[in-house]
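Excluded from the calculations below are hydrogen atoms, water molecules and symmetry mates; all remaining heavy atoms, backbone and side chain alike, are included.
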Amino acid sequence: RFYPPSLRSASDAIFLIGIFILLMLRAFQAPGHWDDVSYHLPLARLFVEHHGLAVSEYLRFPYFPANMQLLFGAGLLLSGNLLAQMLATLPVFVTLVGLVGFSQWLLGSSAWGYIAGALYLNLLPVRETLGFAYVDYGVALFCTAALLGVAVWQRHGMQGNRWLIFAGLAAGVAGGIKLLGLVFAAVLGLAIWVISRKWRAPWVFGLVCAAAAGGWYVRSYLLSGDPVHPVGGPVFGFYLWS
């Protein structure tokens with residue numbers, strides 16, 4: 001049966017559309033904050049020019065995971081720097097939608113989601129880099145998604161694996177964007193064990209996460225001998241970086 005949207009949901013939709021437009025307008029600027037032109041966009045362009053994964057010894061962190069750079073590459077291929085920056089900013093909006101929806105589901109009001117979103121947008125790193133082709137918004141999106149997935153799993157009595165698999169997949173995507181995504185995944189896996197007191201749940205989460213992120217680290221190991229190059233230099237030996 002179809003239920004027409006309420007006035008509240010319609011106002012939420014209009015408000016979120018306004019936020020989306022404002023966020024996308026922030027992308028209408030020339031690249032050049034710092035990491036975007038020294039690493040992220042050049043790596044994305046390298047992938048586009050080689051029609052696949054490639055390595056440049058002259059770029060910073062040439063073996064880091066690059067899920068977001070692949071997304072930027074799609075933007076460069078279709079339209080150029082502007083679309084790449086819009087795609088980099090899009091995760092901010094999706095994160096805000098998730099916070100609003102989760103607040104409505106858990107607390108019965110979207111107001112707390114808007115407050116959380118406002119606090120997020122007012123963080124200094126977000127204000128400084130918003131609209132540029134940075135990968136951190138993608139990490140924040142998928143870490144938030146993983147956390148909310150675990151919250152839903154707990155809310156449903158920790159029964160079944162569906163939401164754990166979702167959380168592991170989201171955490172794995174975050175780990176495939178930046179090393180800090182794996183740090184977050186490890187902390188979240190520990191939290192899953194604490195709240196469940198069973199080893200099966202964190203194992204399910206961890207295996208899915210490893211499957212989603214592992215390819216980038218296997219690639220780094222095969223090419224440089226260091227799965228987390230250049231962080232693991234003291235253990236695995238230095239390659240390119242002294």
Side-chain angles (χ1 to χ4, degrees), residues 33-44 53 59-73 85 87-96 98-99 116-117 119-151 164 166-194 202 205-221 223-224 226-236 239-241:
H33 188 268
W34 182 253
D35 283 354
D36 56 336
V37 292
S38 68
Y39 170 49
H40 299 312
L41 288 175
L43 184 59
L53 301 181
L59 288 180
R60 297 175 63 206
F61 314 124
Y63 302 104
F64 263 20
N67 281 341
M68 285 296 288
Q69 283 86 353
L70 290 175
L71 182 64
F72 299 165
Q85 291 184 156
L87 291 175
T89 309
L90 183 61
V92 178
F93 174 72
V94 180
T95 301
L96 296 180
L99 292 173
L119 292 173
Y120 172 43
L121 290 175
N122 277 284
L123 292 172
L124 181 60
V126 177
R127 295 204 313 269
E128 288 183 341
T129 61
L130 189 62
F132 293 104
Y134 271 61
V135 303
D136 305 84
Y137 311 131
V139 176
L141 167 62
F142 286 101
C143 286
T144 302
L147 180 62
L148 298 185
V150 171
L164 275 180
F166 169 81
L169 180 62
V173 174
I177 297 174
K178 200 169 184 177
L179 295 178
L180 286 177
L182 287 187
V183 176
F184 176 86
V187 174
L188 188 57
L190 179 62
I192 291 171
W193 176 78
V194 170
F205 170 82
L207 289 174
V208 174
C209 179
W216 290 112
Y217 299 94
V218 172
R219 171 180 178 263
S220 179
Y221 177 75
L223 295 178
S224 71
D226 180 357
V228 289
H229 180 274
V231 178
V235 176
F236 298 99
Y239 182 78
L240 293 182
W241 287 40

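Using modelled atom types, one side-chain atom of Tyr137 and one backbone atom of Leu130 make a donor-acceptor pair closer than 3.5 Å. Judged by distance alone, the side chain of Tyr120 and the main-chain N or O of Val92 form no donor-acceptor pair under 3.5 Å.
Nearest approach of Ala213 to Gly176, heavy atoms of both residues: CB-N, 4.0 Å. The two residues Val37 and Pro42 have their closest heavy-atom pair at O-CG, 3.1 Å. The shortest non-hydrogen separation linking Phe72 to Ala88 is CE2-CB, 3.3 Å. Ala146 and Ala170 get closest at one heavy-atom pair: N-CB, 3.7 Å. Taking each heavy atom of Gly98 and Leu148 in turn, the nearest pair found is O-CD1, 4.2 Å. For the pair Pro202 and Trp193, the tightest heavy-atom approach, listed with the atom from each and the gap, is CG-CB, 3.9 Å.
Leu240 has its side chain within reach of His229: a pair of non-hydrogen atoms, C-beta onward, lies under 4.5 Å apart. Considering only heavy atoms from C-beta on, Val228 comes within 4.5 Å of Asp226 through its side chain. Using a 4.5 Å cut-off on side-chain heavy atoms (C-beta onward), Tyr39 and Pro62 make no contact. Counting heavy atoms from C-beta on, the side chains of Val139 and Phe184 never come closer than 4.5 Å.
Atom CG of Leu188 and atom CZ of Phe205 lie 4.0 Å apart (nearest 0.5 Å). To the nearest 0.5 Å, atoms NZ (Lys178) and CH2 (Trp216) are separated by 15.5 Å. Atom OH of residue Tyr239 and atom OH of residue Tyr63 lie 4.0 Å apart, to the nearest 0.5 angstrom. Remark: Leu90 CG to Leu141 CG distance equals 8.5 Å, nearest 0.5 Å. Between atom CG of residue Asp36 and atom CZ of residue Phe132 there is a gap of 6.5 Å, rounded to the nearest 0.5 Å. The CE atom of Met68 sits 8.0 Å away from the CG atom of Leu87 when rounded to the nearest 0.5 Å.
In this structure, the salt bridge (Lys or Arg N to Asp or Glu O under 4.0 Å) partners of Arg60, at least two apart in sequence or on a different chain, are Asp35.
Counting heavy atoms of neighbouring residues, nucleotides and ligands inside a 6.0 Å radius, atom CZ of Phe236 exceeds 12 of them.
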Exercise for the section: Test side-chain contact (heavy atoms from CB on, under 4.5 Å) on Tyr217 and Leu182 and set out the steps. Expected result: CA-CA 11 Å; Tyr217 299 94; Leu182 287 187; 3.4 Å; yes
Handout entry: Full working for side-chain contact (heavy atoms from CB on, under 4.5 Å) between Leu70 and Leu53
Key = CA-CA 9 Å; Leu70 290 175; Leu53 301 181; 4.0 Å; yes
